[in-house]
2 protein chains.
Amino acid sequence: MTYCVGLYLNDGIVLLADSRTNAGVDSIATFGKLHVWEQPGDRALALCTAGNLALSQAVVTLLRDGFIGEDGKGHDLMQAATMFEAAGIVGSAIREVARRDGEGLKQQGLEPSLSMLLGGQIAGRPHALYMLYYAGNFIRATEDTPFLQIGEIKYGKPILDRVIQPDMPLLQAAKCALVSMDSTLRSNISVGLPLDLVILRQGEQRFTLRKRLTEEDAYFSSIRGLWGEGLRKVFGTIPDPDWGL
Amino acid sequence: MTYCVGLYLNDGIVLLADSRTNAGVDSIATFGKLHVWEQPGDRALALCTAGNLALSQAVVTLLRDGFIGEDGKGHDLMQAATMFEAAGIVGSAIREVARRDGEGLKQQGLEPSLSMLLGGQIAGRPHALYMLYYAGNFIRATEDTPFLQIGEIKYGKPILDRVIQPDMPLLQAAKCALVSMDSTLRSNISVGLPLDLVILRQGEQRFTLRKRLTEEDAYFSSIRGLWGEGLRKVFGTIPDPDWGL
């Protein structure tokens with residue numbers, strides 16, 4: 001399983017991904033799910049993947065090496081003029097992999113699955129965050145819905161629903177992403193550390209932060225303790241019902 | 001969609017269910033999903049249902065009217081000698097309904113779905129909480145895992161994971177069930193009010209409380225406000241990361 005969350009803020013973009021992959025409970029491994037394309041000053045793009053690992057690795061490889069799309073033209077993320085065009089290139093790569101491998105999976109009784117988050121900025125254009133589906137189509141985060149999630153999304157959604165606002169500072173938003181991840185880790189053991197995090201400040205076209213958080217990370221450990229303790233404390237401050245039992 | 005949660009505590013049982021039913025977003029209705037069988041001093045049983053409404057109504061009707069099971073014998077929840085036997089009767093009713101209607105649903109391309117929580121106590125026997133599956137089989141809550149959920153279970157699980165302990169007082173546990181329900185209502189609009197709640201104090205074989213909570217319920221409204229506010233406050237007290245950005 002996977003959990004990735006992307007935040008689209010006035011100040012920039014935050015993307016956070018876990019790194020656990022499993023094929024049954026007896027086949028657990030660590031694979032990074034956050035991939036970056038960066039040319040400082042020109043562009044900074046980050047892609048998070050969820051779903052079938054073979055499919056998502058194939059998509060990332062096509063995007064790294066360049067590929068010929070459905071339209072017979074070469075595609076290269078480093079040449080995309082806008083984030084919309086970049087999302088279209090990722091979508092084309094997904095469709096190309098679906099064409100190659102999708103039918104084979106179905107013949108084995110497996111439903112091909114793949115979803116992605118693409119966030120970033122290209123010089124002279126606004127920053128943007130997209131979510132892509134297996135059909136290669138995509139939606140964009142907006143001020144009304146400033147976060148997008150893929151994978152095991154439900155455990156970590158309540159805190160996002162309550163806290164994320166487009167005008168949050170980037171570090172505070174990153175903290176919220178980590179709390180959301182903590183709730184997911186706590187409730188689903190198929191989502192696991194280490195975590196990969198990127199922060200992109202809008203207007204800079206380079207990653208302000210690229211960080212891997214392991215079990216040893218003191219800040220994430222402190223969040224895990226403080227959040228659990230804080231939840232229990234808030235729960236304690238709410239009066240019990242006065243139902244006269 | 002549905003969300004029901006059952007708590008198995010040293011002091012007794014708490015069961016909470018929403019009441020929203022939907023067949024597509026343009027067909028929303030209210031149907032109670034919590035059903036009780038009570039003979040004060042002898043037994044108090046409560047059943048929560050999730051899944052296909054036609055199937056769950058049929059099961060409840062069989063249980064109300066009595067029915068002939070696979071073994072050719074009559075079954076009556078009011079005659080069960082133990083909670084284990086009662087769970088077996090509910091399981092037989094599920095299988096009977098599956099036999100009648102399951103194939104017809106499959107022929108329409110619909111996967112039959114049904115799950116239930118059964119909690120209660122029969123005189124002279126311990127109180128118990130069971131979760132039943134579409135196959136008619138069931139598991140029992142224990143001290144290690146003192147809560148069971150059916151339906152849209154993920155949004156409301158993190159608070160249960162962190163707070164529920166077998167030695168909690170009943171009212172405090174009911175408060176936790178309401179917080180868990182609030183997180184679910186907040187994140188999935190196909191789960192909705194009113195809520196049905198029962199509390200059974202062990203040893204009494206009658207419901208200490210049977211309550212319907214509507215939009216107007218002052219206590220539930222206060223929980224919704226206090227919990228959201230408390231979460232944001234805890235979030236605010238956790239220091240932002242010191243990553244020198």
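Residue numbering restarts at 1 for every chain, and letters A, B, ... go by the order of the sequence lines. All values reported here derive from a predicted model rather than from experimental measurement.
Counting heavy-atom pairs closer than 4.5 Å to chain B, the top-ranked of the candidates Pro241(A), Ser222(A), Pro239(A) is Pro241(A). Ranking Gly230(A), Gly244(A), Pro158(A), Gly228(A) against chain B, the residue ahead of the rest is Pro158(A), based on heavy-atom pairs under 4.5 Å. If you tally non-hydrogen atom pairs under 4.5 Å between each of Gln172(B), Lys175(B), Lys157(B) and chain A, the highest count goes to Lys175(B). Interface summary for chain A: among Ser183(B), Ala174(B), Cys176(B), the most heavy-atom pairs under 4.5 angstrom belong to Cys176(B).
The contact between Tyr219(A) and chain B is made entirely by side chain atoms (from C-beta outward), counting heavy-atom distances below 4.5 Å. When heavy atoms are compared at a cutoff of 4.5 Å, Lys211(A) approaches chain B solely by way of its side chain, counted from C-beta outward. If you measure heavy-atom distances from Leu185(A) to chain B, you find no contacts under 4.5 Å at all. Heavy atoms of Leu178(A) lying under 4.5 Å from chain B belong exclusively to its side chain. No part of Pro169(A) comes within reach of chain B, as not one of its non-hydrogen atoms sits under 4.5 angstrom from that chain. In this structure, no portion of Leu160(A) lies under 4.5 Å from any heavy atom of chain B. Proximity to chain A (any heavy atom under 4.5 Å) is shown, for Leu170(B), by neither the backbone nor the side chain.
Summarising the geometry, atom OH belonging to Tyr3(B) is positioned 15.0 Å from atom OG belonging to Ser19(B); distances are rounded to the nearest 0.5 Å. Atoms CZ and CZ, from Arg162(A) and Arg186(B) in turn, are 5.5 Å apart once rounded to the nearest 0.5 Å.
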Scan the side chains in residues 114-134 of chain B for donor-acceptor partners under 3.5 Å anywhere in the protein, sequence neighbours excluded, and list what turns up.
unit_1    : atom_1 : unit_2    : atom_2 : d
Gln121(B) : OE1    : Gly203(B) : N      : 2.6
Gln121(B) : NE2    : Arg125(B) : O      : 2.9
His127(B) : NE2    : Leu9(B)   : O      : 2.7

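No more than 12 heavy atoms of other residues, nucleotides or ligands shown are found within 6.0 angstrom of CD1 on Ile189(A).
Looking at Glu38(A), its side chain does come within 3.5 Å of a backbone N or O of Phe207(A) through a donor-acceptor pair. In this structure, Ser113(A) contributes its side chain and Gly51(A) its backbone to no donor-acceptor pair below 3.5 Å. Between the side chain of Asn22(A) and the backbone N or O of Ala29(A), no donor-acceptor pair lies under 3.5 Å.
A salt bridge does not link Glu229(A) with Arg232(A): every distance from a Lys NZ or Arg NE/NH1/NH2 to an Asp or Glu carboxylate oxygen is 4.0 Å or more. The pair Lys33(A)-Asp18(A) meets the salt-bridge criterion, since a charged nitrogen lies less than 4.0 angstrom from a carboxylate oxygen.
Contact residues of residues 137-156 of chain B toward chain A are Glu152(B), Lys154(B), Tyr155(B) (heavy-atom distance under 4.5 Å).
Put simply, the side chain of Leu231(B) does not reach to within 4.5 Å of the side chain of Val234(A), judged on heavy atoms.
Using a 3.5 Å distance cut-off with no hydrogens or angles, the side chains of Ser187(A) and Asp161(B) do pair a donor with an acceptor.
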